[in-house]
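No hydrogens, no waters, no symmetry mates; every other heavy atom, side chains included, goes into these values. By convention here, the first residue in the shown sequence is residue 1.
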Amino acid sequence: MIGKNMANVKLGDFEVTLNGDLPNIGSQLPDFLLADGDLSNVDLSHFKGKRLVLNIFPSMNTPVCSAAAVRFNSLASSLDNTVILCISRDLAFGHKQFCINHNINDVVFLSDMRNENFANDYGVLHTNGKFQGLLARSVIATDSDHKIIYTQLVDQTGHEPDYDKVVEALTL
């Protein structure tokens with residue numbers, strides 16, 4: 001990707017290079033093709049008129065990722081006209097089972113299993129290290145027209161996102 005900046009995050013003490021940067025605040029959220037728990041295709045048009053929070057993470061099968069999903073699920077009911085999307089490369093039917101096992105009903109789990117467009121368009125793919133090929137922990141929030149109002153690339157993979165700042169961005 002010549003000419004594209006590449007962000008870095010830490011996985012423990014190891015520096016991981018991502019395949020780009022998050023989209024800019026003020027820009028339009030790039031469209032996506034993701035799979036839901038029933039393996040149906042989902043794109044941005046499914047959420048027309050809704051504010052979005054994209055909780056992007058490496059894998060639901062890690063303690064921090066599952067904790068973030070549970071926390072966003074608890075926040076979801078207090079956010080008007082907002083849909084929280086939990087996005088990883090885990091298989092879509094695995095997401096569905098995770099939701100059943102953890103009684104998660106207020107967020108939408110989506111899988112980036114169809115192609116690499118999401119990871120490339122959002123600049124969140126780990127290009128090296130133990131999580132190579134997985135998505136970097138990050139959060140993007142949009143207004144109801146899907147203009148980006150908040151982003152956070154979590155600089156240490158073992159840390160959770162700043163939930164308070166996400167909520168604050170949605171309440172301004």
Side-chain angles (χ1 to χ4, degrees), residues 1 4-5 7 18-60 65-66 68-100 102-126 133-154 161-163 165-172:
M1 297 199 157
K4 188 168 184 178
N5 292 329
L18 304 182
N19 67 334
D21 285 311
L22 288 175
N24 293 322
I25 292 174
S27 67
Q28 203 62 33
L29 190 70
D31 201 0
F32 50 75
L33 174 66
L34 301 168
D36 69 11
D38 294 322
L39 301 179
S40 297
N41 288 338
V42 176
D43 61 26
L44 192 55
S45 70
H46 284 79
F47 308 102
K48 186 175 181 169
K50 299 286 187 184
R51 298 184 308 171
L52 296 176
V53 174
L54 281 65
N55 170 36
I56 304 164
F57 56 96
S59 174
M60 67 192 172
C65 298
S66 58
V70 169
R71 179 72 185 273
F72 274 118
N73 186 66
S74 70
L75 291 171
S77 62
S78 67
L79 300 171
D80 292 334
N81 195 39
T82 303
V83 178
I84 298 177
L85 308 177
C86 293
I87 302 168
S88 74
R89 287 225 154 148
D90 293 302
L91 296 178
F93 41 82
H95 282 163
K96 188 173 185 176
Q97 190 60 49
F98 179 85
C99 291
I100 292 167
H102 292 85
N103 197 28
I104 293 178
N105 301 305
D106 294 326
V107 298
V108 176
F109 272 84
L110 297 172
S111 175
D112 182 29
M113 60 183 257
R114 296 282 188 231
N115 55 50
E116 292 194 359
N117 292 347
F118 179 85
N120 290 329
D121 292 345
Y122 286 76
V124 292
L125 187 70
H126 286 217
L134 297 179
L135 305 179
R137 185 177 323 287
S138 48
V139 177
I140 299 172
T142 75
D143 65 14
S144 60
D145 294 321
H146 300 154
K147 186 174 85 177
I148 298 171
I149 59 172
Y150 174 82
T151 65
Q152 180 192 11
L153 176 63
V154 180
D162 190 331
Y163 307 105
K165 286 192 177 178
V166 174
V167 171
E168 179 181 318
L170 292 166
T171 55
L172 292 178

request  = State, with a plain yes or no, whether a side-chain heavy atom of V166 is found less than 4.5 Å away from one of L170.
outcome  = yes
ask   = Parallel under 30°, tilted from 30 to 60°, perpendicular over 60°: which one fits the rings of F109 and F57?
value = perpendicular
Contacts satisfying salt bridge (charged side-chain N to carboxylate O under 4.0 Å, His left out) that involve residues 33-46 (not counting sequence neighbours) are D38-K96
Closest heavy-atom pair, H95 versus C86, reported as atoms and distance to 0.1 Å, is CE1-O, 4.4 Å
To the nearest 0.5 Å, atom CG of D80 lies from atom OG of S78 at 8.5 Å
When L110, N55, I140 are each screened for side-chain contact (heavy atoms from CB on, under 4.5 Å) with I87, the one that passes is L110
Are any of the side-chain heavy atoms of L33 and N117 separated by less than 4.5 Å? no
When rounded to the nearest 0.5 Å, the distance separating CZ of F32 from CG of N115 is 12.0 Å
Smallest heavy-atom separation, N19 atom then A119 atom, equals ND2-O, 3.3 Å
Does any part of the side chain of N24, heavy atoms only, come nearer than 4.5 Å to the side chain of I148, both counted from C-beta? no
One should read off an interatomic distance between S111 OG and L34 CG, to the nearest 0.5 angstrom, of 7.5 Å
Contact between L29 and Y122 at the side-chain level, heavy atoms closer than 4.5 Å - yes or no? yes
**Prompt:** Are N105 and N103 side-chain neighbours, meaning at least one heavy-atom pair lies under 4.5 Å?
**Reply:** yes
All heavy atoms of N41 vs all of R114, minimum pair found to be OD1-NE, 2.7 Å
Tightest non-hydrogen contact, residues L44 and P30, listed as CD2-O, 4.2 Å
D112 meets the salt bridge (charged side-chain N to carboxylate O under 4.0 Å, His left out) criterion, sequence neighbours left out, with R89
H146 and F47 have their tightest heavy-atom pair at NE2-O, 3.1 Å
Could you go through H126 and L18, starting from their C-alpha distance and side-chain angles, then the distance that decides it, and tell me whether this counts as side-chain contact (heavy atoms from CB on, under 4.5 Å)?
CA-CA 5 Å; H126 286 217; L18 304 182; 3.7 Å; yes
Would you say the side chain of F98 lies within less than 4.5 Å of the side chain of D90, judging by non-hydrogen atoms? no
On a heavy-atom basis, the closest approach of C65 and R137 is SG-NH1, 3.3 Å
Separation between CD (E116) and CG (D121), nearest 0.5 Å, reads 11.0 Å
- prompt: Got Y163 and P161 here, is their nearest side-chain heavy-atom distance under 4.5 Å?
  reply: yes
To the nearest 0.5 Å, atom CG of L91 lies from atom CE of M113 at 6.0 Å
> Do the side chain of D143 and the main chain of D145 share a donor and acceptor less than 3.5 angstrom apart?
Replying inline: yes
Rounded to the nearest 0.5 angstrom, the NZ-CG distance for K50 and N81 is 4.5 Å
Hits for ring pair (Phe, Tyr, Trp, His ring centres under 6.0 Å) against Y150, two or more places apart or cross-chain, chain-then-number order -> none
